[in-house]
Asks: 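Can you read through this structure? Questions will come right after.
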Amino acid sequence: MVCVPSCPAESLPMSEPAVLPTGSAHLPTGSAHAKAILVGEHAAVYGHPAIALPMTPLRTVAEVHHSPGPLRLSSGDRSFPVTQLPQRFASVGVATTAALDFFNLPAGDLEVAVRSGIPPQAGLGASAAAAHAIVEAIRAHAQLPLDDASRFELVQSAERVAHGSPSGIDACATRAREPFVFTGGIPAPLPLGAPVWFVVADTGVRASTDEAVAGVRRTVDADPARGSALLARLGDLTRGAVTDLEGGQLTTFGERMTAAQQILTELGVGHAMIDQLITAALGAGAAGAKLTGAGRGGCVIAAATDTGQADVIASAMTEAGAVAVWTVMVGTT
Ligand code: MEV
């Protein structure tokens, strides 16, 4: 069984509860950001450790408006009654109704407007970030406090719709400020011994986390001995990666990233575009590169030792077909 406790504020620096977009300063608002996983995705679902990297500049914002009639949810210029949401909005619908229930607010005369700057189905935590933003906007509308354990559980109720069996890493990472190690449901800060530049590149191939997690489950169930060994190997690579990052050993960390990619491919979550971007990143001098998130498409992450190398890697991945590229620096220079 997967343990899904709260993300204790005392052990993990959390983001500010709300960022008010221009022109809406008077409205109840919530926001959260994207995330990447450095090593350990999929294994995290089975209780093995994984390392998460918040991507704070990529944000989703939600606002609560008065709107007479049934409860509505809007995204961009599209607005739906919450009872008639397209399937792709099912999880944010759950976040909305669960948060209103939690605060004993009536499910009417409101519209929750969501504006996402995070590409969907790209492995960057768009569903968890939207759920967090909505929960916080409704909390602000209720003008009531919300403890971290209840906040986490509200987001997880939406993530169960999006993912089936979420480990909880996305729910933690989309509000965390710093990289952390997530082990058996518990997040712990990860101090870095040296700065690292991570280049995240979007293959443009959209893939469902739910289906990827279910696919890995089928692979593991088909041959439990082999499946468990592959997941345990990912766990070992993550533990080694933690030691590398703490000690500033980027070369061995990068080798572990690339080794993790081989295992993820064996688990069935690779894709030709992922391979293409990894080849480009390694060819441009990346210390390591792998998919990030659920795979089968989505994003690739590569590690670089300095900003100049990160720029070269980003250009190489763009030339190789990436539709968007972001660089995140962590640690102090
Ligand atoms: C998705 O970002 C990470 C997965 O390991 C699923 C999870 O841990 O919930 C694939």
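Each residue takes its place number in the sequence, starting with 1. Counting convention: from 1, in listed order, for ligands and their atoms alike.
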Asks: Is there a path of hydrophobic side-chain contacts, each under 4.5 Å between heavy atoms of I, L, V, M, F, W or Y residues, that connects Val205 with Val199?
Replies: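 Yes, one cluster joins them.
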
Asks: Could you tell me which non-hydrogen atom of Met317 sits nearest to which non-hydrogen atom of Ala281, and how far apart they are?
Replies: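 Distance-wise, the nearest heavy atoms are SD-CB, 3.9 Å.
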
Asks: As a test of understanding, state which of His132, Gln121, Glu159 forms a side chain to side chain donor-acceptor pair (under 3.5 Å) with Ser127.
Replies: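 Considering His132, Gln121, Glu159, a side chain to side chain donor-acceptor pair (under 3.5 Å) with Ser127 is found only for Glu159.
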
Asks: Does this structure show an ion pair linking Asp236 with Arg239, if we count only N-O contacts that are shorter than 4.0 Å?
Replies: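 Answer for the salt bridge query: yes.
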
Asks: Is the closest side-chain donor-acceptor distance between Ser116 and Thr60 under 3.5 Å?
Replies: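 A donor-acceptor contact under 3.5 Å links the two side chains.
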
Asks: Could you tell me whether Glu63 and Arg115 have a side-chain N and a carboxylate O separated by less than 4.0 Å?
Replies: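 Here Glu63 pairs with Arg115 in a salt bridge, since their nearest N and O are under 4.0 Å apart.
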
Asks: Could you list each nitrogen or oxygen of ligand 1 that sits under 3.5 Å from a protein nitrogen or oxygen, with the atom names and the distance?
Replies:
from, atom 1, to, atom 2, distance (Å)
ligand 1, 2 (O), Lys35, NZ, 2.9
ligand 1, 2 (O), Asp170, OD1, 2.9
ligand 1, 2 (O), Asp170, OD2, 3.1
ligand 1, 5 (O), His42, N, 2.8
ligand 1, 8 (O), Ser167, OG, 2.6
ligand 1, 9 (O), Ser167, N, 2.8
ligand 1, 9 (O), Ser167, OG, 3.4

